[in-house]
Every structure is written in structure tokens, then in C-alpha cells.
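None of the values given here were measured: they were computed from a predicted structure.
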Amino acid sequence: MYRYDDFDHRFIDERVAQYRDQVRRRLAGQLSEDEFRPLRLMNGLYLQLHAYMLRVAIPYGVLSSNQLRKLAQIGRRFDRGYGHFTTRQNIQFHWIKLEETPDILAELASVEMHAIQTSGNSFRNTTTDPFAGAAADEIEDPRTYAEIIRQWSTLHPEFSFLPRKFKIAISAATEDRAAVKMHDLGLYLRRNEAGEIGFEVMVGGGLGRTPLLSHTINPFVPRRHLFSYLEAVLRVYNQYGRRDNLYKSRIKILVQSLGPKKFAEEVEAEWNASDREAVALPDTYVREIAAAFAPPNYDRSPTDEGAITRDAAGNSGFARWLKHNIATHKVPDHAIVTISLKPIGETPGDCTSDQMDLIAALADELGHGEIRVTYEQNLVLPHVRRDRLFTLWQKLDAAGLGSSNIGLISDIICCPGMDYCSLATARSIPVAQDLSRHLAAREEAIGNFSIKISGCINACGHHHLGNIGILGVDKNGEEVYQITLGGDAGNDAAIGAILGPAVKSGEVTASIDKLIDVYLDRREGSERFPETYRRIGAKPFKDALYAPR
Amino acid sequence: MQLVTGNRLRDGVPVYFIEGGRWSPALDDASLVDDSKADSLLAEALGGPKPLPVVAPILIEATRQNGHIEGLSLRERIRAQGPTTGPMTHQRLVIPGAS
Ligand code: SF4
């Protein structure tokens with residue numbers, strides 16, 4: 001993986017020292033909260049309901065085992081022995097003391113991590129495919145470009161005061177596992193007929209108050225001109241994006257108001273007027289960064305597949321795990337393993353320090369020391385030999401990490417909601433816990449299904465993209481939940497449609513149950529929920545949910 | 001009735017204002033005043049010695065029931081008693097009728 005150079009080390013160390021002084025001055029009363037707030041936010045520190053919350057950046061969701069051990073240690077020493085993995089492939093600690101944050105940042109710096117640009121009107125963590133470098137269906141390893149974009153965008157002087165935050169995602173595989181189309185700017189790595197690498201550029205996606213999917217504004221930008229094209233997009237946004245209205249300040253609103261075609265023309269004009277060669281991406285630089293993501297030294301001896309089959313036949317838990325948590329690796333005899341952070345009835349995305357330590361040790365022992373964080377709030381060991389899968393599963397299972405539910409209905413995405421978040425209008429975690437407990441028994445029968453839950457309109461839980469989306473809102477002091485149907489992430493991305501009046505908090509699980517009944521009753525063959533929904537429309541679901549009792 | 005609350009500067013813990021200039025993490029310690037006296041309670045809280053040990057003090061609505069103070073909103077009940085979500089937090093607030 002990418003290692004810091006001298007510049008990176010110096011920069012992060014200086015930043016920690018600056019921040020330490022800022023905290024000292026705040027505690028001494030030399031800085032007011034108004035003066036200090038932007039400084040702490042620039043270092044990922046929020047004030048939530050019960051304590052401060054520190055959001056630590058995990059660039060494109062890639063962690064080494066040492067970094068995960070450090071996060072475990074931070075959880076144990078400075079929090080309550082756990083952390084919460086987020087939908088932006090980051091981790092949050094919810095029980096942080098301001099006076100300890102400089103020490104935490106220093107600890108993070110010691111393993112080449114930080115919390116910079118996890119908030120504010122800046123570029124946020126560029127996300128990518130958690131299977132990057134291992135996926136059988138990828139053209140190239142997208143982490144190379146995610147890192148190049150990270151270096152280009154971090155504290156970019158021209159774009160440090162954007163109208164609003166800016167999120168980029170990149171995918172290099174046939175299957176979009178990074179929800180690219182819901183980002184301010186999305187990139188699909190493409191190869192043209194001449195075999196050259198370039199990017200399909202999409203802009204204007206985003207969730208929140210105005211959920212929109214992005215539009216392709218250029219089907220192929222040659223790799224060499226990535227920076228000049230991104231700069232052209234950002235310049236158009238910087239110039240025309242609205243700064244007078246928070247709710248209209250994201251690039252999606254600009255793209256919507258200009259229209260994608262006009263927006264593309266503006267970008268093209270800006271791009272044509274720019275000096276592309278001045279910021280051309282040299283092949284040597286790409287190769288240098290790509291070398292940081294060189295594949296591990298795989299053991300290529302053949303696997304005894306018969307042994308795996310026998311282990312699975314003798315252990316139904318393992319058989320189920322093989323079915324749901326394992327993906328095809330590009331190298332024979334290897335597998336990509338997703339570790340579910342969705343045990344039935346627990347908080348989606350939470351992981352104890354002990355579990356983090358165990359996963360780090362297993363990554364060292366069985367997975368070349370690499371871990372990935374998914375935007376779906378799970379962890380991935382990207383390079384595991386198939387003949388070690390049974391051992392791995394046994395050790396995970398013994399630590400409460402053996403859940404076999406990836407892509408199933410209990411693999412719920414859920415934001416922290418009102419149990420922690422100061423912006424929340426309702427709770428989300430208890431809703432997820434109750435649903436997972438209730439639906440687990442029939443999740444095999446339901447098959448591939450996504451439920452996504454947000455505790456407010458900011459949509460950190462991506463509820464618009466859930467096959468069933470749940471949004472908690474406050475109605476005259478009472479929690480009620482709005483249900484959307486038909487959303488989808490990935491290649492067939494779709495924004496769900498609101499079904500009807502919100503349901504009361506105590507009725508969410510029963511309501512979802514009724515909707516699932518309709519789906520199971522009406523689906524044809526292996527049809528996924530969004531397909532059934534598109535075919536039969538909202539009416540049967542409305543009838544089931546809102547029929548007079 | 002109302003009281004003044006904020007988060008303690010050094011660690012973010014929710015704290016409640018007591019007339020006379022002290023802050024307590026225990027909601028039952030709070031000074032709960034009639035709506036007519038709320039603004040002067042807030043003024044007293046804001047007027048304390050600088051630096052104020054609390055971030056963004058505000059007034060919230062609360063009641064006294066069975067000798068205990070309770071925030072009227074769910075948000076304030078969660079702030080006072082902790083998350084409702086189970087084992088990892090070692091805190092649990094049971095809200096009747098909720099999911
Ligand atoms: S969606 Fe709302 S409640 Fe949930 S984490 Fe985001 S801001 Fe907080």
C-alpha cells in the first residue's frame with residue numbers, strides 16, 4: 001500500500017503540533033468556540049450528543065494490519081473499546097475527550113493516518129472498490145488513481161473554499177461496488193479501442209435533501225489529462241456553484257439547474273482553454289504510485305478444493321459463509337473475504353477493539369496484512385488462500401465475526417442517528433437492530449436485498465439507495481419513519497420513491513414485514529426487489545401497508 | 001419549565017446549569033425554572049467566569065416527575081441517559097413503544 005514520504009510525514013507532524021496548540025489555546029480560553037470550531041472540524045472533530053466524535057480518514061478504505069491495531073488501541077484507550085465504520089469507508093470514535101485529541105492525532109500519525117478533510121467544504125475521502133487489486137473483474141487497480149486524486153486534492157489551494165463538500169468515487173471493475181453514481185464526481189476506469197486507459201466522468205450525484213444520480217459528461221477522458229479535466233469541473237463548480245444557500249450549494253444542484261449538457265459544455269470550454277500539458281499526468285508518476293499497490297507475493301500452489309467441500313458439508317455455518325461472504329479473486333486459489341459487521345441485533349458497522357485486533361492478526365496470518373473498509377460498513381480481507389478459509393471462518397466465528405449475511409436483508413446500512421448524532425431527527429440504530437433480529441430467520445428465502453436507514457435528511461445511511469429505504473423524521477416530537485421503495489446502488493443505481501405516509505416508530509418492523517411479504521408473493525423467478533417493484537408498481541405495497549385495519 | 005444545558009468543553013459530556021454558577025453532569029442537579037425566568041437563567045449561565053467551561057449553552061424544556069427531572073424531547077432524554085442501542089455502549093435507555 002501507499003507509504004508516506006518525507007513530505008507527508010512532515011506535513012502530518014506539523015499539523016498535529018498546530019492542532020495541539022489550538023486545543024491548548026481553546027482550553028485556556030484564548031480561542032472562542034466560534035474561532036475553534038472550524039479548526040477542530042478541519043481535524044475531523046465534531047461535538048455530538050454525548051461527547052466529541054473523531055472521524056478518522058481511511059483513504060479509499062485501505063488499512064494495513066498495523067493501522068487497524070492502532071485504531072483498536074485508540075478505541076481502547078480513548079473511547080469505550082470500540083469504533084464505528086462509516087458509509088464513507090472511514091471510522092468514527094463516539095466517546096472522545098477534546099483534551100485527549102492531540103494525543104490521538106499523534107498516535108494516528110505514527111501509523112501514517114490522520115483526520116484531515118473528514119469535514120468542511122473540502123474534498124472528502126475518495127472512495128473506491130473495496131475489492132480493488134483483488135477483483136477478478138477489474139481493468140486496473142483503482143487505488144492508484146484514488147491515491148493520485150488524494151495527493152492532488154489534499155489542501156489544493158484553488159479548491160480549498162468550494163461552495164460545499166465534494167465527494168469523489170472511482171471504480172475500475174465491471175461491477176460498481178463503490179456506489180459511484182451517488183457522488184459529486186464519479187469515475188469509471190475505461191479502456192478505449194486502442195487499449196488506452198481513461199475515465200468516464202460523471203457529475204452531479206448525491207443524496208441528502210435532493211437525491212440525484214450523476215450524469216456522464218465525458219465518456220472518455222484520457223488518463224494523461226485526468227487533472228486538467230478534474231480542474232475544469234471544479235472551476236465551473238467554484239464559479240457557478242451557489243454559496244448563498246446551503247441547500248443548493250452541492251454540485252448536483254448546479255448540474256440540475258444548468259442541465260447536464262450545458263454543464264458539460266462549460267467544462268469542455270474551461271478544459272479547452274486550460275494548459276492541459278502543464279498538469280498532465282506523467283506515466284512515470286502513475287507507475288510510481290501503482291508500484292505502491294503492487295500485488296502481494298501470492299502462494300500459487302494448488303488448493304485441495306475437495307477439502308473445502310468436505311469442510312462445508314460437515315459444517316453448515318461455514319457452507320453458508322462460503323456462499324455469502326466470499327468473492328472471486330483474480331488469482332486462482334485465492335478468495336476475497338468480506339467480514340460482516342452486522343451480527344444479528346447489533347449496531348451495523350460497530351467493531352470492538354478486541355475484534356479489530358483479531359482481524360489485524362488474521363490479516364497478518366492469512367491475508368498479507370491487508371484490510372479494506374466497505375461503504376456498506378463491513379471489512380474485507382482481500383487476499384486469502386482458499387485452503388485457509390475454514391480456519392479463518394472458525395476464528396472469526398469464535399469472536400462473533402462469522403455472520404454469513406453479506407448482501408442479505410440483515411446486512412443493513414445504518415447511520416448513528418439520534419443515539420449519537422447531534423443533527424439527527426430520529427434514531428436509526430434500534431430500527432436496524434430490530435429489523436435484523438426479526439428478518440434473519442427468512443433472509444435466505446428473501447435472497448439479495450438491501451435496507452438502508454438514515455436518522456435525518458442528510459442521508460448518511462444512503463436510505464434513498466436501499467431496496468427499502470427508511471428515513472427517521474420528527475413529527476411533533478415523535479419519531480416517525482418514511483419508507484422509500486425501489487432504490488439501488490451500483491450499476492443499476494436508482495433513487496427510491498416515497499411509498500406514502502410515514503409509519504410510527506413501533507410499527508417499522510411490522511411494516512417492512514408486510515412489504516417483504518408482497519415481494520415474496522409477487523416476485524418472478526430470481527427477480528430482485530427493485531425489478532419486482534418496477535414491474536408491479538407501488539400499489540400492491542401501498543395496499544398491504546396502508547389497508548384499513 | 002426550562003433549564004440550561006450544554007456540553008462540557010474539555011470532554012463533551014452533557015452538563016446542566018445550577019443557579020449560582022456551577023455545572024453538573026447529573027440532570028437532577030439542574031436548576032429548573034418557570035418559562036418566565038428562563039432567559040435570566042441563561043443569562044446567568046452565559047455570564048459566568050471566562051473561559052466558560054461549557055460549549056453552546058441553550059435552554060431546553062423539561063419537567064419534574066416523581067422527583068426526577070426529564071427533558072421533554074427524546075433527544076434530551078438520550079443526551080441525559082445515553083444511547084438506547086445496547087451492549088457496546090454499556091448504556092441503554094428504554095423507550096416504551098419504540099422499535
Ligand atoms: S444521516 Fe443525519 S442522523 Fe444520520 S449520521 Fe448523518 S447527519 Fe447524523
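Other residues, nucleotides and ligands place no more than 12 heavy atoms under 6.0 Å from the CZ atom of Arg22(B).
Leu74(B) is listed as a side-chain neighbour of Glu479(A), based on a closest heavy-atom distance under 4.5 Å. Counting heavy atoms from C-beta outward, Tyr52(A) and Leu9(B) have side chains that approach closer than 4.5 Å. At a threshold of 4.5 Å between non-hydrogen side-chain atoms, the residues Thr84(B) and Met418(A) do not count as touching. When side chains are defined from C-beta on, Trp95(A) does not count as touching Val13(B), because their heavy atoms never get closer than 4.5 Å. No side-chain heavy atom of Glu33(A) sits less than 4.5 Å from a side-chain heavy atom of Val54(B).
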Check the pair Thr85(B) / Asp419(A) against side-chain hydrogen bond (donor to acceptor under 3.5 Å, both in side chains), numbers first and verdict last.
-> CA-CA 7 Å; Thr85(B) 59; Asp419(A) 282 297; 4.8 Å; no
Side chain to side chain contact (heavy atoms under 4.5 Å, CB included) between Leu98(A) and Arg10(B), worked out | CA-CA 5 Å; Leu98(A) 171 64; Arg10(B) 66 184 162 82; 5.6 Å; no
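For chain B, no part of Thr101(A) is nearby; none of its heavy atoms comes within less than 4.5 Å. Within the 4.5 angstrom heavy-atom criterion, only backbone atoms of Ala28(A) (N, CA, C, O) approach chain B.
The shortest heavy-atom contact between Gln48(A) and Asn7(B) is O-ND2, 3.5 Å.
Atoms CD and CG, on Glu99(A) and Asp11(B) in that order, are 6.0 Å from each other to the nearest 0.5 Å.
Contact count against chain A (heavy-atom pairs under 4.5 Å) is highest for Arg75(B) among Arg8(B), Arg75(B), Lys50(B), Glu76(B).
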